[in-house]
Amino acid sequence: MTAEDRIKLEPSWKAALREEFDKPYMAQLREFLREEHAQGKEIYPPGPMIFNALNTTPLDQVKVVILGQDPYHGPGQAHGLCFSVQPGIPTPPSLVNIYKELKRDLNIDIPNHGYLQSWAEQGVLLLNTTMTVERANAASHAKKGWQPFTDRIIEVVSEQQSSVVFMLWGAHAQSKQKLIDTSKHLVLTSVHPSPLSAHKGFIGNGHFSRANKFLEQNGKTAIDWRLP
């Protein structure tokens, strides 16, 4: 049984990423995660949710890509979709600022939760460039092998899909622009929605209305950014 056969992954992504699972960096990453668990460390998100972004948003349905950096590292928060938290968990500060911009841009009422599942189900790939983290230890897995894997995900979307909107917020996300074919996709950049930077241009960037306009101009259905 090959490594990829053990991983529960949506079929279109599994086909597109098959070669990655056989590469040395992926074997090293698996071994690292195994050792962390063996040492009793708490890793987020829980194992079955690590690939939640890919499993919820199949490759052929991706319309928008929002890049996050690192999963939330508090108990019960991370569930594999960047910026999103599980139901019943308080909305984190960066997501509060995303909601503020949605209210300003599209007059969408600010929800009382931070669960972004409905965006993912409409074709918004909510991808963290590092897919796991140790509890209470931000960026602890940043150099452990996720980067080549998530870089490949961005490249695959760029290569195989047409007219996708990439929202790159902050310097880390913007460093991925080189992976995207800007002749056929729309790349929107701004500072990060974090409380440290949101007032320097995230609030007012108009990314959500611009994304929907681009999708509609290219014959696609706009995203309904309202959350149930």
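Distance alone, capped at 3.5 Å, places no donor-acceptor pair between the E36 side chain and the E42 backbone. Here the side chain of S84 pairs no donor or acceptor atom with the backbone of L81 at under 3.5 angstrom. Not one N or O on the side chain of H207 forms a donor-acceptor pair closer than 3.5 Å with the backbone of D105. T189 contributes no side-chain N or O that, together with a main-chain N or O of M167, makes up a donor-acceptor pair within less than 3.5 Å. One N or O on the side chain of K63 and one on the backbone of T221 form a donor-acceptor pair closer than 3.5 Å. Here the side chain of Q122 pairs a donor or acceptor atom with the backbone of S118 at under 3.5 angstrom. Between the side chain of T57 and the main chain of A120, a donor-acceptor pair closer than 3.5 Å is present. No donor-acceptor distance shorter than 3.5 angstrom exists from the side chain of N97 to the backbone of S94, with no hydrogens or angles considered. Of the possible polar contacts, none joining the S12 side chain to the P58 backbone as a donor-acceptor pair under 3.5 Å is found. In terms of modelled atom types and a separation under 3.5 Å, the side chain of S158 and the main chain of I180 share no donor-acceptor contact.
Contact between P92 and V85 at its shortest, heavy atoms only, is CG-CG1, 3.6 Å. Of all heavy-atom pairs spanning K144 and L29, the tightest one is O-CD1, 3.4 Å. Contact record, L106 with S209: CD2-CB, 3.7 Å, taken as the closest heavy-atom pair. Nearest approach of F21 to L17, heavy atoms of both residues: CD1-O, 3.4 Å. Closest approach of P46 and A78 over heavy atoms only: CD-O, 3.9 Å. Of all heavy-atom pairs between A222 and N212, the closest is CB-CG, 3.5 Å.
The closest side-chain donor-acceptor pair between E121 and T56, if any, does not fall under 3.5 angstrom. A donor atom on one side chain and an acceptor atom on the other are not found under 3.5 Å apart for H192 and S197.
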For T91 and N112, what are the C-alpha separation, side-chain angles and deciding distance, and is it a side chain to side chain contact (heavy atoms under 4.5 Å, CB included)? CA-CA 8 Å; T91 307; N112 61 0; over 6 Å; no
Show your reasoning for whether side chain to side chain donor-acceptor pair (under 3.5 Å) applies to T130 and Q69. CA-CA 6 Å; T130 297; Q69 193 159 354; over 6 Å; no
Begin from the C-alpha positions of F149 and M26 and carry the test side chain to side chain contact (heavy atoms under 4.5 Å, CB included) through to its verdict. CA-CA 8 Å; F149 182 71; M26 194 49 102; 3.2 Å; yes
H141 and E134: CA distance, side-chain angles, deciding distance, side chain to side chain contact (heavy atoms under 4.5 Å, CB included) verdict: CA-CA 7 Å; H141 294 183; E134 182 189 341; 4.1 Å; yes
For F208 and I223: C-alpha separation, side-chain torsions, deciding distance, then whether side chain to side chain contact (heavy atoms under 4.5 Å, CB included) applies. CA-CA 9 Å; F208 301 100; I223 304 295; over 6 Å; no
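Both W225 and L95 belong to a single network of hydrophobic side chains, linked directly or stepwise wherever heavy atoms of I, L, V, M, F, W or Y lie under 4.5 Å apart. Both L59 and L67 belong to a common hydrophobic cluster when Ile, Leu, Val, Met, Phe, Trp and Tyr are linked at side-chain heavy-atom distances under 4.5 angstrom. Under a hydrophobic clustering in which Ile, Leu, Val, Met, Phe, Trp and Tyr are joined whenever their side-chain heavy atoms come within less than 4.5 Å, directly or via other members, M49 and I153 fall into different clusters. If you chain together hydrophobic residues whose side chains sit under 4.5 Å apart, V156 and V65 fall into the same group. With hydrophobic clusters built from ILVMFWY side chains whose heavy atoms lie under 4.5 angstrom apart, I110 does not share a cluster with V96.
Interatomic distance, CG of N128 versus CD1 of I66, reported as 11.5 Å (0.5 Å rounding). Atom CD1 of I98 and atom CD1 of I203 lie 9.0 Å apart (nearest 0.5 Å). Atom CG of D181 sits about 13.0 Å away from atom CD of Q161, to the nearest 0.5 Å. Summarising the geometry, atom NZ belonging to K41 is positioned 14.0 Å from atom CZ belonging to R135; distances are rounded to the nearest 0.5 Å. Between the CH2 atom of W146 and the CG atom of D151 there is a distance of 13.0 Å, given to the nearest 0.5 Å. Note that NZ of K220 and OG of S163 are 5.0 Å apart. Values are rounded to the nearest 0.5 Å.
Counting only heavy atoms from C-beta outward, the side chains of L9 and N55 approach each other to under 4.5 Å. In this structure, I50 and T132 have side chains that are in contact, with non-hydrogen atoms separated by less than 4.5 Å. Under the 4.5 Å side-chain criterion, counting only non-hydrogen atoms from C-beta, Y44 is in contact with P75. No side-chain heavy atom of C82 sits less than 4.5 Å from a side-chain heavy atom of L127. Residues Y25 and E20 form a side-chain contact, since some pair of their non-hydrogen atoms from C-beta on lies under 4.5 Å apart.
The neighbour count for K213 NZ, taken as heavy atoms of other residues, nucleotides or ligands under 6.0 Å away, does not exceed 12. For K178, the NZ atom counts as densely surrounded, since its 6.0 Å shell holds more than 12 non-hydrogen atoms of other residues, nucleotides or ligands.
Between F83 and W169, the distance from one ring center to the other falls under 6.0 angstrom.
For the pair E159 and R152, the salt-bridge criterion is met [side-chain N within less than 4.0 Å of a carboxylate O].
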